[in-house]
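When reading the values below, keep in mind they use all heavy atoms of this one structure, side chains included, and skip hydrogens, waters and symmetry mates. Chain identifiers are assigned alphabetically (A, B, ...) following the order of the sequence lines, protein sequences preceding nucleic acid strands; residue numbering begins at 1 within each chain.
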Amino acid sequence: MDKTEQVIEIFKRLKEIYTIRIFEGKDPYKVLIRTILSQRTRDENTDQATANLFNKYPDINSVANAPVEDIEELVHPAGFYHVKAARIQEVSQIIIDEYDGVVPDNMKELLDLPGVGRKTANCVLVFAFCKPAIPVDTHVHRISNRWGLVDTSKPEQTELELMKIVPKDMWIELNDIMVQFGQTICKPTSPQCGDCPLIGLCAFDNG
DNA sequence: AAAACGGGGGC
DNA sequence: GCCCCAGTTTT
């Protein structure tokens, strides 16, 4: 079994457990903002902050024009709220001023936005625009190495290796399914190998 | 290369 | 009460 066959079989098993979530109806602006809020932040807190924000300020113009203190309070559950509130308004204003209110759909322009790094840009590309991209966060990086799919020390190396191994039609669901797996079973510390459905497909020794 | 930003959850 | 976490920017 080569690595492509391995990852296909792994995902087949994981998809029996997890359902892929499509965030915010794929509205590029909401995907972008939610992804910024998700940085270094767990799902529940990300969801709460995102709901707080868009419930009161449902579009890019209202977010950009809101008092910063109000944005801070709404996104507070996501943590890093001073930084994130400022970035969100800064990003919104830039998109209004320079892109006519439309989120750019290419890596270069996304990376130019404040608070947007490679992982966030890839999330927007693949979730909002269905473009081929693999967002590599700490879950994807850690788990890819545990499976023996890659042998990398930096997330960007992992991204390049995964692009060679994983069939393109799986890229859109890769990040979400691995995050769910990483939160519940293949945890950063103390992975629950006894409950893992990937016995026989994973190189990681729980010892 | 390392610090800083932060609340919430696990133990 | 301490340690860890869906990154990015700044020093």
Side-chain angles (χ1 to χ4, degrees), chain A residues 14 17-24 26 28 30-54 68-95 103-104 107-128 133-147 152-160 162 166 171-195 206:
Chain A
L14 291 182
I17 309 175
Y18 307 110
T19 51
I20 307 299
R21 302 164 294 177
I22 302 297
F23 297 117
E24 308 303 334
K26 299 172 78 167
K30 292 188 175 179
V31 170
L32 171 63
I33 299 304
R34 188 195 187 281
T35 307
I36 290 174
L37 288 173
S38 82
Q39 291 164 3
R40 294 288 290 182
T41 303
R42 290 179 165 81
D43 276 334
E44 313 81 62
N45 303 327
T46 302
D47 290 340
Q48 186 60 58
T50 306
N52 288 348
L53 179 66
F54 288 131
V68 65
E69 302 81 20
D70 204 13
I71 301 290
E72 288 184 356
E73 184 182 340
L74 294 170
V75 305
H76 194 268
F80 298 112
Y81 60 92
H82 282 110
V83 173
K84 287 178 179 175
R87 299 266 191 256
I88 284 168
Q89 289 201 292
E90 203 176 344
V91 160
S92 301
Q93 196 60 54
I94 290 172
I95 293 173
V103 177
M107 174 65 76
K108 182 180 181 305
E109 290 177 334
L110 286 168
L111 285 179
D112 273 344
L113 299 172
V116 177
R118 189 166 187 86
K119 183 263 181 181
T120 301
N122 275 329
C123 282
V124 173
L125 289 175
V126 69
F127 295 148
I134 299 184
V136 177
D137 50 48
T138 55
H139 284 308
V140 174
H141 182 59
R142 175 186 71 256
I143 294 168
S144 298
N145 277 281
R146 280 186 181 164
W147 284 344
T152 51
S153 57
K154 289 192 281 191
E156 199 161 336
Q157 295 177 289
T158 301
E159 182 185 332
L160 292 176
L162 288 178
V166 182
W171 291 10
I172 192 169
E173 61 191 20
L174 180 148
N175 178 272
D176 189 51
I177 205 164
M178 286 179 75
V179 166
Q180 294 188 55
F181 179 58
Q183 288 179 333
T184 54
I185 295 176
C186 200
K187 298 178 180 180
T189 57
S190 66
Q192 313 293 300
C193 296
D195 300 325
N206 189 19

Q.
If I take atom NZ in residue A:K154 and atom C1' in nucleotide C:dG7, what distance separates them, rounded to the nearest angstrom?
A. 16 Å
Q.
If the condition is salt bridge (Lys or Arg N to Asp or Glu O under 4.0 Å), which residues does A:E72 pass it with, not counting sequence neighbours?
A. none
Q) To the nearest Å, how far apart are A:L37 CG and C:dG7 C1'? A) 13 Å
Q. Excluding sequence neighbours, so at least two apart, what forms side-chain contact (heavy atoms from CB on, under 4.5 Å) with A:Q93?
A. A:A64, A:I96, A:D97
Q | Check: A:T46 and A:R34 side chains under 4.5 Å, non-hydrogen atoms | A | yes
**Q.** Rounded distance in Å between the P positions of B:dG10 and C:dA6
**A.** 13 Å
Q) Which whole number of Å gives the distance between the P atom of B:dG6 and that of C:dT11? A) 15 Å
Q.
Please classify the nucleic acid contact of A:P155 as base, sugar-phosphate, or nothing, using heavy-atom distances under 4.0 Å.
A. nothing
Q. Can you check the A:N175 CG to C:dG7 C1' distance for me, whole Å?
A. 13 Å
Q) Contact class for A:V179 vs. all strands (heavy atom < 4.0 Å): base, sugar-phosphate, or nothing? A) base
Q) Nearest-Å distance, CD (A:Q39) to P (C:dG7)? A) 8 Å
**Q.** A:M178 and A:W147, any side-chain heavy atoms less than 4.5 Å apart
**A.** yes
Q: Could you tell me from which nucleotide to which nucleotide of DNA chain B, 5' to 3', there is an atom under 4.0 Å from chain A heavy atoms?
A: B:dC5 to B:dG8
Q.
If I pick the P atom on B:dA3 and the same atom on C:dC3, what distance separates them, to the nearest angstrom?
A. 16 Å
Q. Hey, does A:Y81 reach any base, or is it just sugar-phosphate, or nothing, if we go heavy atoms under 4.0 Å?
A. sugar-phosphate
Q: Ignoring backbone atoms, test whether A:S38 places a side-chain nitrogen or oxygen under 4.0 Å from the OP1 or OP2 oxygen of C:dG7.
A: no
Q) Which nucleotide in the set C:dA6, C:dC5, C:dT9 lies at the smallest distance from any side-chain heavy atom of A:T46? A) C:dA6
Q. To the nearest 0.5 Å, how far apart are CD1 in A:I20 and CZ in A:F127?
A. 9.0 Å
Q) To the side chain of A:D176, which of C:dT8, C:dA6, C:dC4 is closest? A) C:dA6
Q) Which sits closer to the 5' end of DNA chain B, A:A78 or A:E44, going by the nucleotide each is nearest to? A) A:A78
Q: Please determine if A:R21 and A:D43 form a salt bridge, counting it only when a charged side-chain N lies under 4.0 Å from a carboxylate O.
A: yes
Q: For A:R146 and A:P191, work out which heavy atoms get closest and say how close.
A: NH1-CB, 3.6 Å
Q) Atom CZ of A:R142 and atom P of C:dG7: how far apart are they, to the nearest Å? A) 10 Å
Q: Using a heavy-atom cut-off of under 4.0 Å over every strand shown, decide if A:V140 touches base, sugar-phosphate, or nothing.
A: nothing
**Q.** Selection residues 74-92 of chain A - residue pairs positive for side chain to side chain donor-acceptor pair (under 3.5 Å), sequence neighbours left out
**A.** A:Y29-A:S92, A:T41-A:K84
Q. Between C:dA6 atom P and A:N45 atom CG, what is the distance in whole Å?
A. 12 Å
Q: Classify the nucleic acid contact of A:T138 as base, sugar-phosphate or nothing, counting any heavy atom under 4.0 Å across all strands shown.
A: sugar-phosphate
Q.
Between C1' on C:dG7 and CZ on A:R42, what's the gap in Å once rounded to a whole number?
A. 14 Å
Q.
Just to be sure I understand the rule, does A:L113 reach a base, reach only the sugar-phosphate, or reach nothing, if contact means heavy atoms closer than 4.0 Å?
A. sugar-phosphate
Q.
With a 4.0 Å limit, can you tell me whether A:T120 has a side-chain N or O closer than that to the phosphate oxygens OP1/OP2 of C:dG7?
A. no
Q. In dot-bracket form, how is DNA chain B paired, counting a Watson-Crick or G-U wobble pair only if both its distances are under 3.5 Å and using | for bases paired to another strand?
A. |||||.|||||
Q | d(CD1, A:I88; P, C:dT9) in whole Å | A | 14 Å
(Q) I want to check something: taking the side chain as every heavy atom from C-beta on, are A:V126 and A:P135 in contact at a cut-off of under 4.5 Å? (A) yes
Q.
Among residues at least two apart in sequence or on other chains, which ones pass side-chain contact (heavy atoms from CB on, under 4.5 Å) with A:D112?
A. A:K108
(Q) For a quick check under 3.5 Å, do A:Q157 and A:S153 share a side-chain donor-acceptor pair by atom type? (A) yes
